[in-house]
Amino acid sequence: MKPKVLLGMSGGVDSSVAAILLKEQGYDVIGATMKLWQNDEEPECNSGCCSLSSTYDAKRVCDLLGIPHYVFNFMDEFKQHVIDDFINQYKVGKTPNPCIECNRYLKFDIMYKKAKQLGIDYIATGHYAKTEYSEKYNKHVLKKSKALKKDQTYALYNIPKEIVDKVLFPLGSFEEKSDVRKIAEQHNLLIAKKPDSQEICFIPDNDYVKFLKENMNDEIKEGNIVDTNGKILTRHKGIINYTIGQRKGLGLSKSTPLYVVKLDKKNNNVIVGEEKDIYSTEVLVEDINYLLFDIIDKPLDITAKIRYSAKEEKAKLYPLTDNTAKIVFENKQRAVTPGQSIVFYIDDCVLGGGKII
Amino acid sequence: MKIKYFDHAATTKLNEDVLKEMLPYLTEEYGNPSSIYSLGRSNKKAIEDAREKVAKVFNADAKEIYFTGSGSESDNTAIKGVAYANRKKGNHIITTKIEHPAVLDTCKSLEKDGFEVTYLNVDSEGLVDLEELKNAITDKTILITIMFANNEIGTIQPIEEIGKIAKQHKIYFHTDAVQAVGNIDIDVNKLNIDLLSLSAHKFYGPKGVGALYVRKTVRFNKFIDGGHQERNKRAGTENVAGIVGLSKAIEMAYEKLDENNRHLKELRDLYISEIEEKIPYVKLNGHREKRLPGNANISFKFIEGESLLLNLDIKGICASSGSACTSGSLDPSHVLLAIGLIHEVAHGSLRVTFGIENTKEDVIELITELEEIVNRLREMSPLYEDFVDGTYTM
């Protein structure tokens with residue numbers, strides 16, 4: 001009997017081509033679209049991950065490939081783990097990565113459980129990443145995609161290490177997105193030219209400040225913008241409007257440019273400083289998931305990146321207690337942002353990752 | 001993979017004899033029934049013959065049968081048609097909490113337009129309380145609409161008694177009989193039914209065609225404006241093949257009603273008794289006796305109906321969950337909540353509806369698969385784990 005795989009499908013090019021590839025590799029593919037949020041009032045947009053039209057597109061791709069397609073309603077779980085968390089993180093002055101939470105709680109937890117319930121051994125997505133057996137570590141490891149520009153391992157470090165050998169990323173060996181589109185075109189998929197999704201799916205207009213204002217109205221309070229010595233410079237309209245490293249839009253007219261250095265939730269202050277103040281070499285990390293090792297008891301040489309778009313930089317990882325660690329970079333990092341994830345690599349492999357404190 | 005079909009409440013396979021009767025009207029007999037030449041007249045005759053056949057089944061007059069596009073259209077026409085035509089008499093409608101969405105949503109839409117609707121409760125077996133019905137009636141009540149038999153749990157309502165109450169109070173009585181027609185002998189005069197909706201594909205007829213019985217004395221507004229078809233109540237060139245198919249299918253269903261029902265009840269009772277014997281922690285939903293001959297709706301505690309359904313699908317077995325469809329909302333079925341099920345139990349329900357082509361062997365195979373799947377899902381269920389530990393009770 002062919003091995004069965006449950007493939008998460010968004011109706012986009014990547015997951016559709018993943019279906020084709022898995023089928024060609026001899027898997028019995030079952031397509032699944034997660035229904036995660038719904039905005040009935042708004043007309044549909046093109047780029048959301050899980051609008052009705054995306055479900056329709058995914059279903060049509062499955063029809064064309066002759067594979068079953070199911071829709072799973074995970075709206076409650078998505079609200080709890082992703083949307084509410086997104087709002088709550090901003091409330092405490094942190095900057096969350098909702099896609100990472102979605103991967104962690106939805107795709108690689110609930111969807112995996114769903115697969116198990118259906119007697120399906122593997123799950124897959126159209127992410128640009130790889131899982132493969134490594135002799136060095138004597139286990140299946142999560143590795144960077146060949147298309148380094150598209151690599152999405154940053155968002156995947158929370159896969160439980162027990163299931164890495166059950167997760168398939170069929171797009172991991174592609175070097176160019178255009179090659180993926182070509183396959184979609186060759187198979188006459190109508191979605192071949194669909195644009196890549198960019199925004200946060202539950203905020204279709206991409207205006208997250210508006211979204212936060214609508215969802216935490218009375219908790220957004222005006223406060224002071226202060227310098228690193230605590231001197232009040234001007235007022236702000238709520239700290240959710242600011243991000244670490246921000247220079248524009250502060251309403252300051254100083255001769256030397258000032259940058260947001262810290263969001264002080266406790267005093268409701270936005271702290272600004274000079275450019276040098278937004279650089280740091282040390283990063284404290286919590287809520288870590290290690291993929292390569294069960295326990296780390298001595299400092300490790302790694303590379304790490306502090307945000308999705310950041311470059312990997314050399315660093316040393318010092319394990320601390322309670323699933324925390326201190327990362328010391330060789331070079332200063334710009335605008336290390338609490339709440340964002342930091343992901344650790346050893347060579348091509350994802351060592352693990354966690355959240356910046 | 002051979003498909004095993006146990007979802008006859010959703011739809012049925014078109015009967016081959018029905019198809020044979022329809023085929024001429026999809027090929028050579030293509031005339032428009034409203035045309036005066038021979039090719040038109042023969043089509044018109046086919047429609048009127050069909051109308052008589054349908055009327056005969058319900059002990060009605062042919063002029064009281066209107067063909068529509070679906071059961072939903074029949075429900076919409078009946079409820080909105082009566083509501084708007086009788087608005088001067090009153091604006092109150094009585095229905096139940098367990099109606100099909102074609103009735104419930106129609107009522108909700110009327111509420112937005114100034115009508116008042118009472119949604120009657122049902123008991124734990126899905127039956128309406130006749131006293132509650134009587135108490136709900138006001139001098140503004142113009143319509144009672146209560147389904148004949150429920151599509152999810154199969155419970156059959158005391159239609160004759162409801163008809164009597166309606167008649168006593170001179171209120172029109174509509175029944176959505178989409179699930180009942182083909183399974184239950186219905187005499188609209190004996191049961192005091194004023195309007196009745198049905199759909200052909202539920203009794204081995206074609207999809208896309210339904211009918212509405214409306215007693216001659218009932219005032220109702222037309223639903224689709226345009227041509228004068230269907231006694232000027234439903235514009236649009238008639239679906240002649242569909243109408244012919246509907247009439248043949250209903251005729252066949254009632255010719256063999258007793259024989260078919262015996263067979264369906266045998267399969268249903270075998271299924272229910274075997275499941276209750278072999279699988280612990282199950283609950284039959286609906287009334288044990290007053291239920292459709294082919295309907296078995298059972299909640300398997302500690303698991304989700306959706307997972308059950310998809311596991312069955314992977315094995316080529318078609319059934320239905322009592323809960324909302326997979327792409328819809330997570331809310332459990334309004335019917336199961338109305339009969340008092342808690343969410344967890346409502347979510348674990350599976351509706352199996354047998355048809356005349358099903359055999360005993362099919363049922364035994366279904367039970368064997370279910371045993372395996374239910375056991376496996378329970379092993380993975382946190383609820384079941386808690387139950388076994390004694391930290392969860394239901």
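The chains referred to below are lettered A, B, ... by the order of the sequence lines, with proteins before strands, and numbering in each begins at 1.
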Just wondering, are more than 12 heavy atoms of other shown residues or ligands nearer than 6.0 Å to [atom1] in [X]?
{"X": "B:K283", "atom1": "NZ", "answer": "yes"}
{"X": "A:K139", "atom1": "NZ", "answer": "yes"}
{"X": "B:D389", "atom1": "CG", "answer": "yes"}
{"X": "A:R181", "atom1": "CZ", "answer": "yes"}
{"X": "A:L190", "atom1": "CG", "answer": "no"}

Q) Using 4.0 Å as the upper bound for N to carboxylate O, is an ion pair formed by B:E379 and A:K116? A) no

Out of curiosity, [X] [atom1] to [Y] [atom2], how far, rounded to the nearest 0.5 Å?
{"X": "A:I120", "Y": "B:I314", "atom1": "CD1", "atom2": "CD1", "result": "4.5 Å"}
{"X": "B:L308", "Y": "A:Q117", "atom1": "CG", "atom2": "CD", "result": "10.0 Å"}
{"X": "A:Y70", "Y": "B:S307", "atom1": "OH", "atom2": "OG", "result": "11.0 Å"}
{"X": "B:E306", "Y": "A:L118", "atom1": "CD", "atom2": "CG", "result": "8.5 Å"}

